[in-house]
Structures are given as structure tokens and as C-alpha cells.
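Only one structure is covered here, and it is reproduced in the block below.
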Amino acid sequence: MEKRMYLEIAMLAYFVVLFLTIRDIRIFRRTGYISYRKGALKGLAASSLILIGAISIEAKPEIGLLIILFGLTVNRKGEREPVFTNAGTLDRFLGKTDYIKRKKCKLRESRNK
């Protein structure tokens with residue numbers, strides 16, 4: 001029973017980190033802010049560690065939870081640019097931003113190719 005509960009905790013942590021990573025990717029695609037790209041990359045690394053921890057729970061539950069905790073620590077995002085001004089709670093939860101990349105940036109990127 002104990003291992004099952006640990007595995008449920010691990011899967012909850014895994015899906016939360018994946019959700020936040022997908023949210024960071026969406027915000028990065030809309031705004032182009034590098035801090036959200038770095039956050040998404042940290043989220044991918046953290047989700048990998050959490051998955052390793054979930055797998056290792058079968059052999060040693062305490063070590064598996066320690067790896068999961070380390071993965072959650074890796075997921076810390078740091079300072080971010082403000083991208084929400086008038087967005088409601090659901091829009092913030094889903095990563096819908098008020099700020100959208102300017103077309104100038106897109107034109108400059110296409111000229112460099």
C-alpha cells in the first residue's frame with residue numbers, strides 16, 4: 001500500500017511539472033521571452049528526473065521520493081517578465097498572455113534566415 005501511495009505522489013508531481021512546462025512553451029511561443037524558454041527546458045529536465053524517481057520507487061521508495069524532490073527543486077523557474085495584465089484566473093492557468101510578439105520581430109527573424 002505504501003509503494004502505491006508513493007507512486008501516486010510521483011505521478012501527480014510528474015503531470016504537474018509537464019503541465020507547467022507546456023504552459024511555459026505556450027507563453028514562450030506567444031511572447032518570445034527567453035526566460036520562459038529556459039523555464040520550459042528546466043521543466044523537461046525536472047520531468048525526466050521525476051520519471052526516474054517514479055521508476056525507482058519500486059526498488060527503494062525513499063530514494064525514489066528523494067529523486068522526485070530533487071526534480072521538483074530543479075523545476076524552480078526564477079524571475080519572469082510580466083505577461084499578464086488583464087487576464088483572468090483561467091487564462092493565467094492555461095498560459096494565455098495579453099502580450100503578443102510584435103510583427104517586427106518575426107520579420108527580423110525571417111530576414112536572418
Side-chain angles (χ1 to χ4, degrees):
M1 183 68 178
E2 184 177 297
K3 286 183 183 180
R4 182 171 181 243
M5 182 179 69
Y6 288 165
L7 188 60
E8 289 172 0
I9 292 170
M11 289 296 100
L12 179 67
Y14 180 71
F15 288 119
V16 166
V17 169
L18 276 182
F19 173 78
L20 292 174
T21 302
I22 291 170
R23 180 179 174 262
D24 283 344
I25 292 169
R26 182 175 184 204
I27 293 172
F28 170 70
R29 295 285 297 157
R30 290 179 65 91
T31 63
Y33 288 143
I34 299 299
S35 64
Y36 286 95
R37 180 178 179 267
K38 289 179 182 178
L41 291 174
K42 282 183 178 182
L44 289 175
S47 64
S48 299
L49 276 174
I50 291 171
L51 191 59
I52 291 169
I55 292 169
S56 65
I57 281 178
E58 195 63 38
K60 294 266 187 184
E62 292 81 15
I63 300 296
L65 284 180
L66 185 66
I67 294 170
I68 291 167
L69 180 64
F70 183 66
L72 290 173
T73 305
V74 167
N75 195 39
R76 291 183 8 189
K77 306 293 184 176
E79 288 291 318
R80 300 291 186 94
E81 294 85 7
V83 293
F84 305 109
T85 55
N86 299 335
T89 305
L90 183 63
D91 291 339
R92 288 175 186 246
F93 182 72
L94 296 175
K96 184 178 178 184
T97 60
D98 297 332
Y99 175 79
I100 298 176
K101 268 194 276 190
R102 289 179 289 179
K103 294 194 184 250
K104 270 187 172 180
C105 295
K106 290 181 183 177
L107 290 174
R108 212 177 305 147
E109 290 172 0
S110 64
R111 286 182 192 164
N112 292 336
K113 289 182 180 182

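In this chain, residues are counted from 1 in sequence order. The structure presented is a predicted model; accordingly, all values stated were derived computationally and were not measured.
Annotation: ring-ring contact (aromatic ring centres under 6.0 Å, His included) contacts of F19 (sequence neighbours excluded): F93.
Under a cut-off of 6.0 angstrom, the local environment of CD in E58 is sparse, with at most 12 non-hydrogen atoms contributed by other residues, nucleotides or ligands. Within 6.0 Å of CZ in R37 there are 12 or fewer heavy atoms belonging to other residues, nucleotides or ligands.
The structure places CZ of R30 at 5.5 Å from CZ of R26, a figure rounded to the nearest 0.5 Å. Here the NZ atom belonging to K60 is positioned 12.0 Å from the CD1 atom belonging to I67, to the nearest 0.5 angstrom. To the nearest 0.5 Å, atoms CD1 (I68) and CD1 (I63) are separated by 11.5 Å.
When all heavy atoms are compared, the tightest approach of G64 to S56 is CA-OG, 3.3 Å. Of all the heavy atoms in T21 and V17, the pair that sits closest is OG1-O, 2.7 Å.
One hydrophobic cluster holds both L72 and M5 under the rule that ILVMFWY side chains link at heavy-atom gaps under 4.5 Å. Put simply, I34 and I25 are part of two different groups of oily side chains (I, L, V, M, F, W, Y) that touch within less than 4.5 Å, one to the next. Cluster membership check: I57 does not share its hydrophobic cluster with F70, using side-chain heavy-atom separations under 4.5 Å among Ile, Leu, Val, Met, Phe, Trp and Tyr. No path of Ile, Leu, Val, Met, Phe, Trp and Tyr side chains, each step under 4.5 Å between heavy atoms, connects L18 with L41, placing them in separate hydrophobic clusters.
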Expected list for residues 44-53: side-chain donor-acceptor pairs under 3.5 angstrom, two or more places apart:
unit_1	atom_1	unit_2	atom_2	d
S47	OG	G43	O	3.2
S47	OG	L44	O	2.9
S48	OG	L44	O	3.0

Might you work through the side chain to side chain contact (heavy atoms under 4.5 Å, CB included) test for I9 and L12, ending with a clear yes or no?
CA-CA 5 Å; I9 292 170; L12 179 67; 5.8 Å; no
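Within the structure, salt bridge (Lys or Arg N to Asp or Glu O under 4.0 Å) contacts touching residues 75-88 (residues at least two apart or in different chains) are D24-K77, D24-R80.
The side-chain heavy atoms of Y6 and L65, taken from C-beta on, include a pair separated by under 4.5 Å.
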